[in-house]
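This report refers to the structure that appears directly beneath it.
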Amino acid sequence: MIDPLKDILSRPLRDLRISVTDRCNFRCTYCMPKELFGRDYHFLPKSEILSFEEITRLSQIFITLGVEKLRLTGGEPLLRKNLPELISMLHGLEGLRDLTLTTNGSLLASQAAALRNAGLQRLTVSLDSLDETRFAAMNDVDFPLSRVLAGINAAVSAGFSPIKINVVVKRGVNEPDVAAIARRFSGKEYIVRYIEFMDVGNSNGWRLDDVVPADEILQLLHSNSPIETLPPNYPGEVARRFRHPDGGEIGIISSVSQPFCGDCSRARLSADGHLYTCLFSGKGHDLQTPMRAGASDSELTEIISRIWRARTDRYSEIRSDQTNRAPRPKAEMSLLGG
Ligand code: SAM
Ligand code: SF4
Ligand code: SF4
């Protein structure tokens with residue numbers, strides 16, 4: 001195992017989330033509200049988006065600095081043309097232990113097998129409701145639920161197991177779905193993960209009152225069927241874990257009510273090649289410019305090391321002060337990829 005680079009708070013660099021596009025075919029109200037991400041929104045021009053070769057080169061450098069896990073995300077990653085090609089390039093990187101992807105599932109039915117064949121090891125599908133009307137209201141483009149469910153079925157057939165199902169819970173919107181989703185995905189081939197609604201970016205109208213805290217999510221689950229508490233897989237695991245009587249696993253990610261910055265080993269690379277050391281960063285560090293100006297691998301390694309060594313981020317732990325007193329500009333979730 002590579003001795004990883006550590007930040008000021010002794011947190012290693014272990015995970016890299018790579019956004020392959022800032023575009024999305026959904027307008028989830030908590031992420032890309034359509035009033036703000038409309039026709040005149042300036043998405044990144046193609047020339048600014050990292051090529052597969054550039055992503056692969058940076059990934060290899062991150063791996064030599066201690067990264068073991070890569071997660072492809074977006075925007076909607078399956079909108080990126082020829083994505084399986086990138087997956088096979090990353091799959092071959094020496095030292096990589098885990099290659100995974102988060103998708104809204106809308107294009108999964110036709111792509112699941114190709115992703116699997118290219119070497120994708122794991123898959124997370126976001127799904128916030130099993131009710132047609134609520135699902136359409138949450139994606140806000142009237143996207144039919146049946147197509148996401150068909151995508152999940154195709155992923156099971158392609159051999160992904162277990163598949164993670166990410167559920168963002170928002171007060172007054174989808175609480176009734178909490179227990180319903182646990183029931184629907186209760187088998188061993190799934191891990192359902194409930195995520196507290198977060199104040200990422202500046203456009204989703206976040207209010208603390210709209211957050212359903214982890215303890216309340218747990219009560220909603222318990223009142224439906226008894227679930228058994230599981231120990232963490234490893235120290236500092238972000239999700240509290242439970243087992244459904246039918247064998248499926250349940251996780252609750254309490255990023256707002258019980259933050260876990262002390263163990264945060266995640267870096268984020270935006271589609272235009274900026275490195276963000278926190279989900280709530282206002283600005284990224286530009287790696288694209290030096291890379292395109294001809295920086296060598298060792299120069300890029302030095303730039304990334306310097307950034308990570310200076311990292312002090314712990315936004316979620318100091319959230320109350322920040323958000324109550326002086327809200328500051330933050331990058332949007334669709335740019336950073338969650
Ligand atoms: N489009 C893909 C998807 O939705 O799965 C990948 C990108 S999306 C930004 C990654 C994850 O972030 C999704 O699971 C989504 O539900 C979650 N997410 C987006 N906005 C959020 C928010 N405000 N609070 C909590 N989770 C959020
Ligand atoms: Fe798109 Fe994912 Fe954001 Fe929804 S959460 S708008 S699917 S990027
Ligand atoms: Fe990591 Fe920033 Fe989230 Fe804390 S707030 S867990 S430092 S991404």
Side-chain angles (χ1 to χ4, degrees), residues 24-38 76 102 104-106 124-149 152 164-186 190-225 227 238-240 242 244 250-260 279-280 315-316 319-320 322-325 327 330 332-334 336 338:
C24 188
N25 54 344
F26 282 14
R27 287 292 177 271
C28 303
T29 50
Y30 52 70
C31 177
M32 295 178 81
K34 69 177 174 201
E35 304 72 39
L36 290 158
F37 291 84
E76 174 45 42
T102 305
N104 63 23
S106 60
T124 299
V125 182
S126 305
L127 177 65
D128 302 323
S129 181
L130 287 174
D131 173 89
E132 249 335 316
T133 312
R134 275 199 295 274
F135 182 68
M138 285 185 88
N139 66 56
D140 217 10
V141 292
D142 271 337
F143 197 87
L145 174 66
S146 57
R147 285 182 42 202
V148 176
L149 296 176
I152 296 173
K164 279 189 184 154
I165 308 289
N166 268 6
V167 189
V168 175
V169 188
K170 201 173 164 191
R171 180 157 327 272
V173 179
N174 64 337
E175 289 117 313
D177 290 294
V178 168
I181 291 177
R183 264 197 314 273
R184 167 70 176 75
F185 298 102
S186 61
Y190 301 108
I191 299 176
V192 180
R193 299 201 317 172
Y194 299 93
I195 305 172
E196 291 177 346
F197 172 41
M198 292 187 284
D199 49 337
V200 192
N202 297 108
S203 55
N204 67 5
W206 186 86
R207 297 178 322 146
L208 190 56
D209 288 352
D210 293 333
V211 178
V212 181
D215 286 340
E216 208 177 314
I217 296 174
L218 193 55
Q219 273 171 21
L220 289 168
L221 288 165
H222 267 310
S223 58
N224 189 259
S225 64
I227 54 172
V238 298
R240 284 154 72 188
F242 306 88
H244 194 275
I250 294 171
I252 306 184
I253 305 179
S254 49
S255 8
V256 178
S257 64
Q258 288 156 327
F260 38 78
L279 185 53
F280 300 91
Y315 177 87
S316 289
R319 172 181 278 114
S320 50
Q322 297 243 4
T323 42
N324 292 345
R325 285 188 213 149
K330 290 172 277 171
E332 292 299 329
M333 186 72 135
S334 49
L336 295 189

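Numbering of residues begins at 1 and proceeds along the displayed sequence.
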What side-chain donor-acceptor pairs closer than 3.5 Å can you find for residues 28-37, not counting sequence neighbours?
unit_1: Y30; atom_1: OH; unit_2: D128; atom_2: OD2; d: 2.5
unit_1: K34; atom_1: NZ; unit_2: D140; atom_2: O; d: 3.3

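Remark: the backbone N or O of D209 is paired with a side-chain donor or acceptor of R171 at under 3.5 angstrom. Between the side chain of W206 and the backbone N or O of F197 there is at least one donor-acceptor pair closer than 3.5 Å. Looking only at distances, a side-chain donor or acceptor of D177 sits under 3.5 Å from a matching main-chain atom of L130. With hydrogens and angles ignored, the 3.5 Å screen pairs a side-chain donor or acceptor of N174 with a backbone N or O of V168. Side-chain atoms of E76 come within 3.5 Å of backbone atoms of N104 as a donor-acceptor pair (strictly under, hydrogens ignored).
Nearest heavy-atom pair across S146 and E132 is N-OE2, 4.0 Å. Nearest heavy atoms, V125 versus G105: CG1-CA, 4.0 Å. Smallest separation of non-hydrogen atoms from M198 and S255: SD-OG, 3.4 Å. Of all heavy-atom pairs between S254 and F260, the closest is C-CE2, 4.2 Å. V173 and R134 get closest at one heavy-atom pair: O-CD, 3.0 Å. Of all non-hydrogen atoms in S126 and T102, the two that sit nearest each other are OG-CG2, 4.0 Å.
P213 has its side chain out of reach of V256: every pair of non-hydrogen atoms, C-beta onward, lies at least 4.5 Å apart. At least one side-chain heavy atom of Y194 sits less than 4.5 Å from a side-chain heavy atom of V178. V192 places a side-chain heavy atom less than 4.5 Å from the side chain of V167. Taking 4.5 Å as the limit, some side-chain heavy atom of I252 sits within range of a side-chain heavy atom of L221. Taking the side chain as every heavy atom from C-beta outward, V169 and L220 never approach each other to under 4.5 Å. Side-chain atoms of E216 and S257, non-hydrogen and from C-beta on, never get closer than 4.5 Å to each other. Using a 4.5 Å heavy-atom cutoff, the side chains of R183 and S225 are not in contact. L218 is listed as a side-chain neighbour of I227, based on a closest heavy-atom distance under 4.5 Å.
R240 and D215 are joined by a salt bridge, as a carboxylate oxygen and a charged side-chain nitrogen come within less than 4.0 angstrom of each other.
Between the CD1 atom in I195 and the NZ atom in K170 there is a gap of 14.5 Å [rounded to 0.5 Å]. From M138, atom CE reaches atom CG of L145 across 12.5 Å, with rounding to the nearest 0.5 Å. One finds the CZ atom of R193 at 12.5 Å from the CD1 atom of I217 (value rounded to the nearest 0.5 Å). The structure places CD1 of I250 at 8.5 Å from OG of S186, a figure rounded to the nearest 0.5 Å. With rounding to the nearest 0.5 angstrom, the CG atom of L127 is 10.0 Å from the CG atom of N139.
D210 pairs by the side chain to side chain donor-acceptor pair (under 3.5 Å) definition with R207, not counting sequence neighbours.
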Walk me through whether N25 and V141 qualify under side-chain contact (heavy atoms from CB on, under 4.5 Å). CA-CA 8 Å; N25 54 344; V141 292; over 6 Å; no
Pair F143, V148 - check side-chain contact (heavy atoms from CB on, under 4.5 Å), show working. CA-CA 9 Å; F143 197 87; V148 176; 4.0 Å; yes
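Between F185 and Y190, the ring-plane angle classifies as perpendicular under the 30° and 60° cut-offs.
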